Amino acid sequence: MNKLYYFLILLFSVTLFAEGEVASTTASTDTSQTQMPSQAQHQMIGQLGFSKLGGDYYVLLNLGYEFNLGLIGIGVQAPFNILASCETEGGCDDKVWNQIRKEDWNEFTDYLKMIRYVRYGNKFDESNMFYARVGQLSNAYIGHATIMNGYINNIDWNTFKPGVQFDFYTNYGGIETVTDDITDPNILGFRGFVRPLSFVFSPESYLSRFALGTSYIADIEVPSMEINETTGEGKISDENFGIIGIDTEFRIFKNNIITITPYIDYNSIIDYGWGLHFGVDMRINVPLLGAKIKVKPEYRIFGDEYIPMYFNSMYEIEKTQFKYTLLESAKGKQGYYVELGYDQYLLELLLFQIGGYYEDYEGKNNTSLMLFASVPVLDNYKFSAIYSKRNFDKLSDAFDPANAIFIAEVSVNISGPLFAKAQYQKTWFYETDYDVTPPKETLESKSSYNFGLFVAFTF
């Protein structure tokens, strides 16, 4: 289960138009962790769409505002689902077009979703002593991101969870922490690291770049199914689940343009398998060109029942499937993983992003590819697309549409701050037939189209 695959799938597939039980009340793409403007950036956002929730149809109205100035970032929003058509058995008191969905505002934490995030500092910037973020966690990771990467705490905005990230850095070491919900935490993550030679030599010396770290990330309430061997009945209960990691790194080169950090991570999923990651994190920043480049190759060796980047963007949706379907069926393997990214800025504003990953393990059907592109800030057009193909054997199969995911979204300016948005999405899923023994799974495809309007004004 690759973190970048899941994070980008979720990022580009969630739109204003939800079909199902999850409300679509997301605001614009959160760039607060990637943009570091040298002057204040304000953005007012208005979104209009339609959603189907619990069998009823709603108009979604979402008003938002973002402010980012260097180390400080704030995002607020006011999302409302207004009843358009009542399909609930027994009626809805004959009220249409004047009823806000009560389920969105029946708990104290629901009102906290009006504050999308409050941020101080920037992740992966140890020049600042602190990094803190409260609210929506859009791309949480810890350490070298081999256990948690791309984690999103709020999948269902009907039940908002105020998450927290807090990092503390010094020349001698530091800590990184994350929790999904400070009011009722399930996910608890911690990494502590020390630069031991800083206590012997000067903290600015070359040898002081060596670091040792340890991590522990747990979900204290994972749904567990217990089967009574006598009656065959199942009982669902919650149990703890955790991953322990130790790591080492040595930042062999660092200046204002290039940072090169080789690392080794060893992770153990408690009561399950282990994984070993040998990687190099390379960051290239070319201010004169406005370019930020990330290159991250890894060689991986896994034992049975191990999944890298276990806590990822889809974890909150598939946590039970992760543990009882994917994890227990995972076989030991080894191979390569390479992640690439290129961000182009103009006056500290993100113009476009391109990137992806490629991973290839030993054995058949153990190769995966993901490519993405995003053009978020053109005056008249905005575009994003992602292509993902997993578990193929030959490179010639990489662009075979069978079992591939493709998502494209384009926004076109109509007049002033008013935009029209269109999205196409094609995904594949397994349909299980439980009427036969053993149950039979069939691979099916699903295509969807979405259209709508939104307003965005930056100043």
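Hydrogens, waters and symmetry mates play no part in the numbers below; they use all other heavy atoms, side chains included. Keep in mind that what you see is a predicted model, and the values were worked out from it rather than measured.
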**Fill in**
Applying side chain to side chain donor-acceptor pair (under 3.5 Å) to Y336 and not counting sequence neighbours gives none
**Asked** Can you name the nearest heavy-atom pair linking A145 to K296, along with the distance?
**Response** CB-NZ, 3.9 Å
**Message:** Less than 4.5 Å apart, side chain to side chain, heavy atoms only: is that true for Q353 and S384?
**Reply:** no
**Request:** Quick one: pull up OG1 in T214 and CD1 in I244 and give me the separation to the nearest 0.5 Å.
**Result:** 7.5 Å
**Message:** Less than 4.5 Å apart, side chain to side chain, heavy atoms only: is that true for L395 and Y358?
**Reply:** yes
**Asked** So do N139 and N149 actually touch side chain to side chain, heavy atoms under 4.5 Å?
**Response** yes
**Request:** Please tell me if the side chains of Y65 and L63 come closer than 4.5 Å, counting only heavy atoms from C-beta onward.
**Result:** no
**Message:** Rounded to the nearest 0.5 Å, what separates atom CZ in F241 from atom CD1 in I217?
**Reply:** 10.5 Å
**Asked** What residues form a side chain to side chain donor-acceptor pair (under 3.5 Å) with D180, not counting sequence neighbours?
**Response** K161
**Message:** Before we go on, tell me: are the rings of Y131 and Y169 under 6.0 Å apart, centre to centre?
**Reply:** no
**Request:** Determine the minimum heavy-atom distance between A398 and Y387, stating which atoms define it.
**Result:** O-OH, 2.7 Å
Between side-chain atoms of residues 254-261 and protein atoms elsewhere (two or more places apart, or another chain), which donor-acceptor pairs fall under 3.5 Å?
residue, atom, partner, partner atom, Å
N255, OD1, I257, N, 2.7
N255, OD1, I258, N, 2.7
T261, OG1, R251, NE, 3.3

**Message:** Strictly distance-based, threshold 3.5 Å: is any side-chain N or O of N153 a donor or acceptor partner for the main-chain N or O of L137?
**Reply:** yes
**Prompt:** Does G290 offer a backbone N or O that forms a donor-acceptor pair with the side chain of Q344 under 3.5 Å?
**Reply:** yes
**Complete:** dist L276:CG -> F302:CZ (nearest 0.5 Å) comes out at 9.0 Å
**Asked** Considering all heavy atoms of both residues, which atom of F311 and which atom of A218 are nearest to each other, and what is their separation?
**Response** CZ-C, 4.4 Å
**Message:** Closer than 3.5 angstrom, by distance alone: can the side chain of Q77 be matched with the main-chain N or O of R116 as a donor-acceptor pair?
**Reply:** no
**Fill in**
Residues K389 and A404: closest non-hydrogen pair is CD-CB, 4.0 Å
**Item:** Partners meeting salt bridge (charged side-chain N to carboxylate O under 4.0 Å, His left out) with R209 (sequence neighbours left out)
**Value:** none
**Request:** Taking all heavy atoms of D393 and all of T367, pick out the closest pair and write down the distance.
**Result:** O-OG1, 4.0 Å
**Request:** Taking only Lys NZ, Arg NE, NH1 and NH2, and the carboxylate oxygens of Asp or Glu, determine whether R119 and E66 approach each other closer than 4.0 Å.
**Result:** no
**Message:** Measuring from atom CZ of F352 to atom CG of D343, what distance do you get when rounded to the nearest 0.5 angstrom?
**Reply:** 9.0 Å
**Asked** Would you say the ring centroid of Y310 lies under 6.0 angstrom from that of Y272?
**Response** no
**Asked** Looking at M148 and A140, what are the two nearest heavy atoms and their distance?
**Response** CG-O, 3.6 Å
**Asked** Can you name the side chain to side chain donor-acceptor pair (under 3.5 Å) partners of Y299, sequence neighbours left out?
**Response** Q334
**Prompt:** Got a second to check how far I243's CD1 is from N267's CG, nearest 0.5 Å?
**Reply:** 7.0 Å
**Asked** Hey, does E249 have a side-chain heavy atom less than 4.5 Å from the side chain of H144?
**Response** yes
**Item:** Test item: Y306 and R300 side chains (from C-beta on) under 4.5 Å apart, heavy atoms
**Value:** no
**Message:** If I take atom CD1 from residue I220 and atom CG from residue L188, how far apart are they, to the nearest 0.5 angstrom?
**Reply:** 5.5 Å
**Message:** Is there a side-chain contact (heavy atoms from CB on, under 4.5 Å) between S368 and Y361? Walk through the geometry before answering.
**Reply:** CA-CA 9 Å; S368 299; Y361 302 103; over 6 Å; no
**Asked** Given D247 and R191, is the side-chain contact (heavy atoms from CB on, under 4.5 Å) satisfied, shown in steps?
**Response** CA-CA 10 Å; D247 64 83; R191 176 181 181 251; 2.8 Å; yes
**Y141 and Q165: side chain donor to acceptor below 3.5 Å** = no
**Asked** Is any side-chain heavy atom of E298 closer than 4.5 Å to a side-chain heavy atom of Y263?
**Response** yes
**Prompt:** Do side-chain atoms of T177 reach the backbone of F166 as a donor and acceptor pair under 3.5 angstrom?
**Reply:** yes
**Request:** Go through the steps to decide whether Q423 and I407 satisfy the test side-chain contact (heavy atoms from CB on, under 4.5 Å), and finish with yes or no.
**Result:** CA-CA 7 Å; Q423 184 190 72; I407 300 172; 4.1 Å; yes
**pair D167-K123: side-chain heavy atoms closer than 4.5 Å** = yes
**Prompt:** Which residues satisfy the side chain to side chain donor-acceptor pair (under 3.5 Å) test with T179, sequence neighbours excluded?
**Reply:** none
